[in-house]
Amino acid sequence: MAVRLCDVASLLRSGSWAAEPWTGVIAAMETQLSNGPTCNNTAHGSTTINNCSSPVDSGNTEDSKTNLIVNYLPQNMTQEELKSLFGSIGEIESCKLVRDKITGQSLGYGFVNYVDTKDAEKAINTLNGLRLQTKTIKVSYARPSSASIRDANLYVSGLPKTMTQKELEQIFSQYGRIITSRILVDQVTGVSRGVGFIRFDKRIEAEEAIKGLNGQKPPGATEPITVKFANNPSQKTSQAVLSQLYHSPNRRYPAPLAQQAQRFRLDNLLNIAYGVKSRFPPMTIDGMTSLAGINIPGHAGTGWCIFVYNLAPDADESILWQMFGPFGAVTNVKVIRDFNTNKCKGFGFVTMTNYDEAAMAIASLNGYRLGDRVLQVSFKTNKTHKA
DNA sequence: TAGAATT
């Protein structure tokens, strides 16, 4: 049930088009919708073989049962979006996206503290494994913060290419409780690259594992493995950014060009696939809507509002996150409910940040069969609910 | 020989 991510955003980024690039998204989404959250996680240049380490079990009954840590968030996801996503489960006491202190960049993880322990448990059961863009998020109980759990991540190299994640864990588990493990694999072939990571619960456990395993040969292996503390990726990011700011002030804004190229490619794709031209020049949509009085379907000033029709009475926000999240940045979802019965009135709204991603979601999800219903998905018009 | 896991 591997979900090889063929999502549209990553295809746009790579420029490698299939005839129908969104079929991968739909296939992955259907796997998720029918079987619950998945546990595969794809990152730049590497794939996690397995990342399922029973998030409901915090390993300590003394821990807080309301405070969650959320890992593998998309780089561009904001704290507000995090709050919106987890707020769809229940009342949130506090929510924080952790950012690099220097650059302000998201470090890809955050914390959500619920008022009610039941909502925290529901969030784990509902949102752990949710696909958002190229990521599969992990939701688990946060351990009490302390110095003893910091810097407990190990980098392991020289692993036999045949070694599985389970075998890797078996070797290291004698030194303490493993929080996460991963073996990096080649994106194309899926073959192990012979390197991986082991995160222990405690720093001291990691230290003991280095002492016991660095330079040792695993059972049946011909070469010894190297075990050392992993570098901190956030430090690398800071250094890279600062270096770039210092050395090349004229290259500080590379993103818009990439986005422009991406928009043209999407526009071409929609033209090829549907024989339609975008109604608005892709380059100027954002600028146009900043002008007062100009009215573009679906555009609410802070994003693109999408109308989703023919939802079932028991539909909730999580289904909208699951359907639209894989296509790109979603800032808000809302199911419209009857005031008295609290049942869905058959429709809802999704707000997405980027036109391209919203357009691809609509093109892919309009006509999508959800249960025994066929959904109608379009940009919101001004006749209906204001999101 | 390189992941955004403790606010």
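Just so it is clear: chains get the letters A, B, ... in the order the sequence lines come, proteins before strands, and each one is counted from 1. Since the structure is predicted, the reported quantities are computational estimates derived from the model, not experimental observations.
Taking only distance into account, the side chain of A/Arg143 meets the base of B/dT6 through a donor-acceptor pair shorter than 3.5 Å. One can find a donor-acceptor pair under 3.5 Å joining the base of B/dT7 and the side-chain atoms of A/Asn67.
Under 4.0 angstrom from either OP1 or OP2 of B/dT7 there lies at least one side-chain N or O belonging to A/Ser145. The side chain of A/Lys135 contributes an N or O atom lying less than 4.0 Å from OP1 or OP2 of B/dA4. Taking only side-chain nitrogens and oxygens, A/Arg99 never comes nearer than 4.0 Å to OP1 or OP2 of B/dA4.
In this structure, of B/dA2, B/dA5, B/dT7, it is B/dT7 that holds the atom nearest to the side chain of A/Lys96. Closest approach to the A/Thr180 side chain among B/dA4, B/dA2, B/dA5 is made by B/dA5 (side chain taken as heavy atoms from C-beta onward).
Note: CG (A/Asp151) to P (B/dT6) measures 8 Å, nearest angstrom. Atom-to-atom, CZ of A/Phe197 to P of B/dT1 comes out at 13 Å; the value is rounded to the nearest Å. Spacing between atom CG of A/Leu73 and atom P of B/dT6 amounts to 13 Å, rounded to whole angstrom units. Distance CG (A/Leu132) to C1' (B/dA4): 15 Å, rounded to an integer number of Å. Distance, A/Asp100 CG to B/dT7 P: 14 Å, rounded to whole Å. Per the geometry, CD belonging to A/Gln105 stands 11 Å off C1' belonging to B/dA4, to the nearest Å. The CG-P distance, from A/Leu97 to B/dA5, rounds to 12 Å in whole Å. Counting to the nearest Å, the C1' atom of B/dA2 and the CZ atom of A/Arg193 are 8 Å from each other.
Aromatic pair A/Phe347/A/Phe307: ring centres closer than 6.0 Å.
When the shell of 6.0 Å around CZ of A/Phe379 is examined, it contains more than 12 heavy atoms from other residues, nucleotides or ligands. Within a 6.0 Å sphere centred on NZ of A/Lys83, other residues, nucleotides and ligands contribute 12 heavy atoms or fewer. Around atom CZ of A/Arg150, no more than 12 heavy atoms belonging to other residues, nucleotides or ligands sit under 6.0 Å away.
Nucleic acid contact class of A/Ser106 (heavy atoms, under 4.0 Å, all strands): base.
Stacking is found between A/Tyr155 and the pyrimidine-like six-membered ring of the B/dA2 base under the 5.5 Å centre-distance and 30° plane-angle cut-offs.
A continuous path of Ile, Leu, Val, Met, Phe, Trp and Tyr side chains, each step under 4.5 Å between heavy atoms, connects A/Phe229 with A/Phe172, placing both in one hydrophobic cluster.
Between A/Phe111 and A/Ala230, it is A/Ala230 whose nearest contact on DNA chain B lies nearer the 5' terminus.
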